[in-house]
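Have a look at the structure below, then the notes.
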Amino acid sequence: MSSIWEYANPKKFIATTNRLLPWVAGLALVLTTVGLVWGFFFTPDDFRQGSTVKIIYIHVPSAMMAINAWAMMLVTSLIWIVRRHHVSALAARAAAPIGAVMTLIALATGAIWGQPMWGTWWEWDPRLTSFLILFLFYLGYMALWAAIENDDTAADLTAILCLVGSVFAILSRYAVNFWNQGLHQGASVLRAGALAGDTEERVSNVFATPLFISMAGFLLLFVALVFLRTQTEIRARRMRALLARERMS
């Protein structure tokens, strides 16, 4: 465990992520490209939804990362509260804009997909509503960081906000399980029996294989962007500390 906490050192974190970043970014580009090209151009139309089903290759990975980004922020915020490692707080701050963009993409693609399927761009469905609230929490989290000048105070308050927002991240993932009403279907990809044996809301393998590749690409893209943005946040913090020291002298 002691070796894990070594990466809380900003210099070691930057040195390590500089070595990993080209490989992670390159693999993310390859997987995302393969998944999207395969899904959009080399899979058949669905017998019910037609070609509109192909938006799944953007909608599902972005929705997955919208929730997982907040989960990552929750973990790093807890590390900040318990261990007071600045890199963890800055990593949470770095992940927030990425998660917000992923949530916005999920909402937009969900609306585009829902209009021909449900006959409406928006419905106050449990999952859609919880995702909208999660997006607002992302905006509030970023605004709180920007509004407070002292980084440690901002990290403390945003960590508390992250704990509260985690309720809606959980609701976004399991809303259709908590409430039966609503237009959004239940889980059909990442659940037991979704790909074999269980035919209810089952995703066919012809769609699932490129979907999983696209999901892996989005995941690695998120990791690469977090590495890059966390490095930027560390350097920005150093710059602010140097400027503050100059003003005092």
Side-chain angles (χ1 to χ4, degrees), residues 1-28 62 64-105 134-170 172 218-248:
M1 286 297 293
S2 60
S3 61
I4 296 177
W5 301 119
E6 291 178 6
Y7 294 96
N9 181 289
K11 290 183 178 180
K12 187 172 182 63
F13 178 87
I14 290 177
T16 303
T17 53
N18 274 337
R19 291 194 299 269
L20 294 175
L21 189 55
W23 297 96
V24 175
L27 188 56
S62 60
M64 176 190 73
M65 292 317 306
I67 299 170
N68 290 346
W70 194 276
M72 174 260 178
M73 291 163 56
L74 172 63
V75 172
T76 51
S77 295
L78 289 173
I79 292 173
W80 163 254
I81 292 173
V82 175
R83 305 283 300 208
R84 311 302 286 183
H85 288 315
H86 289 96
V87 171
S88 63
L90 296 178
R93 182 178 187 179
I98 307 169
V101 170
M102 291 293 180
T103 309
L104 186 60
I105 293 173
L134 179 62
F135 177 67
L136 296 177
F137 264 97
Y138 271 117
L139 296 182
Y141 182 93
M142 293 185 289
L144 189 57
W145 262 109
I148 301 173
E149 186 173 351
N150 184 276
D151 286 342
D152 288 355
T153 303
D156 289 335
L157 295 178
T158 52
I160 296 172
L161 179 62
C162 191
L163 293 174
V164 177
S166 297
V167 174
F168 290 95
I170 295 172
S172 300
F218 270 64
L219 175 61
L220 290 177
L221 176 62
F222 170 75
V223 173
L225 291 174
V226 168
F227 282 170
L228 187 60
R229 284 189 48 81
T230 304
Q231 290 183 4
T232 303
E233 293 291 346
I234 291 172
R235 293 186 177 102
R237 182 184 174 92
R238 287 178 179 173
M239 183 63 69
R240 289 191 295 269
L242 290 173
L243 291 175
R245 190 178 303 172
E246 287 183 2
R247 286 196 297 266
M248 291 179 63

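Rounding to the nearest 0.5 angstrom, the gap separating the CG atom in L161 from the CG atom in L144 is 6.0 Å. Between L219 atom CG and N68 atom CG the span is 7.5 Å, to the nearest 0.5 Å. If you take CZ on R240 and CG on N150, they are separated by 10.0 Å, rounding to the nearest 0.5 Å. Atom CD1 of I79 is separated from atom CG of L74 by 10.0 Å, given to the nearest 0.5 angstrom. Summarising the geometry, atom CH2 belonging to W70 is positioned 6.5 Å from atom CG belonging to L134; distances are rounded to the nearest 0.5 Å. H86 contributes atom NE2, which lies 7.5 Å from atom CG of D151 (distance to the nearest 0.5 angstrom).
S88 places no side-chain N or O within donor-acceptor distance of the main-chain N or O of R84, the cut-off being under 3.5 Å. Counting only distance, with no hydrogens or angles, the side chain of T17 and the backbone of I14 share a donor-acceptor pair below 3.5 Å.
Here the closest heavy-atom approach between residue W145 and residue A154 is recorded as CE3-CB, 3.6 Å. The shortest non-hydrogen separation linking L220 to V24 is O-CG1, 3.4 Å. Of all non-hydrogen atoms in T230 and A91, the two that sit nearest each other are OG1-CA, 3.5 Å. Across all their heavy atoms, A224 and L21 have their closest contact at O-CD1, 3.4 Å.
Contacts of A100 classified as side-chain contact (heavy atoms from CB on, under 4.5 Å), with partners at least two apart in sequence or in another chain: F135, Y138, M142. Partners of A95 by side-chain contact (heavy atoms from CB on, under 4.5 Å), not counting sequence neighbours, listed by chain and number: M72, M73, F222, V226. Applying the side-chain contact (heavy atoms from CB on, under 4.5 Å) rule to R247 yields the partners L243, A244; only residues at least two apart in sequence or on another chain are considered.
Electrostatic pairing of E233 and R229 counts as a salt bridge here, judged by a charged N lying under 4.0 Å from a carboxylate O.
Counting only heavy atoms from C-beta outward, the side chains of R237 and P10 never approach each other to under 4.5 Å. Contact annotation: the side chain of L163 approaches that of L78 to within less than 4.5 Å [non-hydrogen atoms, C-beta and beyond]. Under the 4.5 Å side-chain criterion, counting only non-hydrogen atoms from C-beta, D156 is not in contact with I160.
A cation-pi arrangement is absent between R83 and W80, since the terminal nitrogen or guanidinium carbon is not both under 6.0 Å from the aromatic centre and inside a 45° cone about the axis.
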